[in-house]
Amino acid sequence: MRAKFTQSFKLQAVEKALSRSEGTTLNEIANSLGIGFSTLNNWIVKARNQEFHIAPADEIKRMTQDKRPQDWSLEERFNIVMACASLGEEELNAYCREQGIYPHHVQQWKLDFVSGNSAKESVVSAAEMKGLRQENKTLKKELNRKDKALAETAALLVLQKKVHAIWGSDEDNSQ
């Protein structure tokens, strides 16, 4: 039996997929929502083609054209952080909705500026992370192979000792 999802759920899923962080894949988002990867892809395509009828077409168009938080330039991020510095919680939420971001993005950007992290460093670190993941995968594969070889060698030594204990060694019989 196919699950029925409301239009609002579909729109929220599409919005979450389009505003995902750099390290998050669509597959991970689909799994967290309990839907199939291809289903999420279909919803994104329909949202871009404006086939969802629950929200006004201009809202969907705006949602699909919004930049992801990681696509904002340093200057834009800085301007947002400065604009949000004096806002209260409700005002901050309203401002963030207008900009197509979440308040936690503003907080993260503020922390990045305070700690000295920049967008270029995060891009470099993403490339480094990919290289490190590949290296980690290779090293795990090699370690697994060596573990199997060590286990096989240990098993052969144990068997050899048992054979000598049962039948004795050739040197014992020749004397």
Side-chain angles (χ1 to χ4, degrees), residues 1-5 9-48 63-78 80-81 96 100-175:
M1 181 173 174
R2 292 177 54 166
K4 298 286 184 181
F5 297 102
F9 176 80
K10 292 177 183 180
L11 281 174
Q12 288 175 350
V14 169
E15 185 175 345
K16 185 174 183 178
L18 293 176
S19 66
R20 69 185 186 274
S21 63
E22 193 169 316
T24 307
T25 65
L26 282 178
N27 207 2
E28 291 171 349
I29 290 175
N31 287 339
S32 71
L33 294 172
I35 59 175
F37 174 73
S38 60
T39 302
L40 182 59
N41 272 335
N42 289 337
W43 292 350
I44 292 171
V45 169
K46 285 181 180 179
R48 287 193 174 139
M63 180 181 73
T64 59
Q65 290 177 346
D66 282 346
K67 291 189 285 187
R68 299 179 305 169
Q70 63 269 23
D71 294 339
W72 290 59
S73 70
L74 280 176
E75 183 178 350
E76 291 170 325
R77 291 179 185 194
F78 181 73
I80 295 288
V81 169
C96 288
I101 57 175
Y102 292 99
H104 69 270
H105 293 132
V106 176
Q107 294 294 344
Q108 183 60 48
W109 293 345
K110 183 178 178 182
L111 291 174
D112 288 345
F113 283 116
V114 169
S115 67
N117 292 340
S118 68
K120 290 180 181 176
E121 290 176 1
S122 65
V123 170
V124 171
S125 67
E128 287 179 24
M129 286 295 288
K130 184 176 181 179
L132 289 173
R133 281 191 200 111
Q134 183 64 31
E135 183 181 0
N136 191 13
K137 183 179 177 181
T138 305
L139 290 173
K140 283 182 178 181
K141 193 181 274 188
E142 185 178 342
L143 182 63
N144 192 20
R145 182 186 60 81
K146 289 181 178 181
D147 281 344
K148 287 179 180 178
L150 183 61
E152 181 182 357
T153 304
L156 288 173
L157 285 173
V158 168
L159 287 174
Q160 187 178 21
K161 286 182 181 179
K162 286 184 178 182
V163 165
H164 287 296
I166 293 172
W167 289 310
S169 65
D170 291 337
E171 296 172 0
D172 292 340
N173 293 337
S174 63
Q175 291 180 356

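FYI, the numbering just counts along the sequence from 1.
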J.: Any idea which heavy atoms bring I44 and L26 closest together, and the distance?
T.: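 Closest heavy-atom pair between I44 and L26: CD1-CD2, 4.0 Å.
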
J.: Would the number of heavy atoms belonging to other residues, nucleotides or ligands and lying under 6.0 Å from CZ of F9 be above 12?
T.: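 Counting other residues, nucleotides and ligands, CZ of F9 exceeds 12 neighbours.
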
J.: Sequence neighbours excluded, which residues qualify as side chain to side chain contact (heavy atoms under 4.5 Å, CB included) partners of Q134?
T.: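 Q134 satisfies side chain to side chain contact (heavy atoms under 4.5 Å, CB included) with T138 only.
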
J.: Quickly, which of K162, K161, Q160 forms a side chain to side chain contact (heavy atoms under 4.5 Å, CB included) with V158? Name it, please.
T.: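 With V158 as partner, side chain to side chain contact (heavy atoms under 4.5 Å, CB included) holds for just one option, K162.
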
J.: Quick one: ring-ring contact (aromatic ring centres under 6.0 Å, His included) partners of F37, sequence neighbours excluded?
T.: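 Testing F37 for ring-ring contact (aromatic ring centres under 6.0 Å, His included), a comparison that skips the adjacent residues, returns none.
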
J.: Which distance, rounded to the nearest 0.5 Å, do you find between the CD of Q108 and the CG of L111?
T.: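 One finds 5.5 Å between CD of Q108 and CG of L111.
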
J.: Counting distance only, does the side-chain N/O of N136 pair as donor-acceptor with the main-chain N or O of L132 below 3.5 Å?
T.: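 Absent.
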
J.: Can you sort out the partners of T24 under side chain to side chain donor-acceptor pair (under 3.5 Å), two or more places apart, ordered by chain and number?
T.: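 Per chain and number, T24 pairs via side chain to side chain donor-acceptor pair (under 3.5 Å) with S21.
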
J.: Please name all residues satisfying side chain to side chain contact (heavy atoms under 4.5 Å, CB included) with K16, sequence neighbours left out, ordered by chain then number.
T.: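 In terms of side chain to side chain contact (heavy atoms under 4.5 Å, CB included), with neighbours along the sequence ignored, K16 is linked to I29, S32, L33.
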
J.: Answer yes or no: is there a side-chain heavy-atom contact under 4.5 Å between Y102 and H105?
T.: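 A side-chain contact exists here, since the closest heavy-atom pair is under 4.5 Å.
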
J.: Which atom pair, heavy atoms only, marks the closest approach of S73 to E76?
T.: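 Looking at all heavy atoms of both residues, the closest pair is N-OE1, 2.9 Å.
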
J.: Output every pair passing salt bridge (charged side-chain N to carboxylate O under 4.0 Å, His left out) with a member in residues 144-156, not counting sequence neighbours, ordered by first then second residue.
T.: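 Sorted pair list: E142-K146.
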
J.: Could you give the distance from NZ (K130) to CZ (R133), rounded to the nearest 0.5 Å?
T.: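 Reported value, rounded in 0.5 Å steps: 9.5 Å.
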
J.: With rounding to the nearest 0.5 Å, note down the distance linking CG in D112 to CG in L74.
T.: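 One finds 9.0 Å between CG of D112 and CG of L74.
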
J.: Of all the heavy-atom pairs spanning V14 and A47, show the shortest one and how long it is.
T.: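 Heavy atoms only, the tightest pair is CG1-CB, 3.7 Å.
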
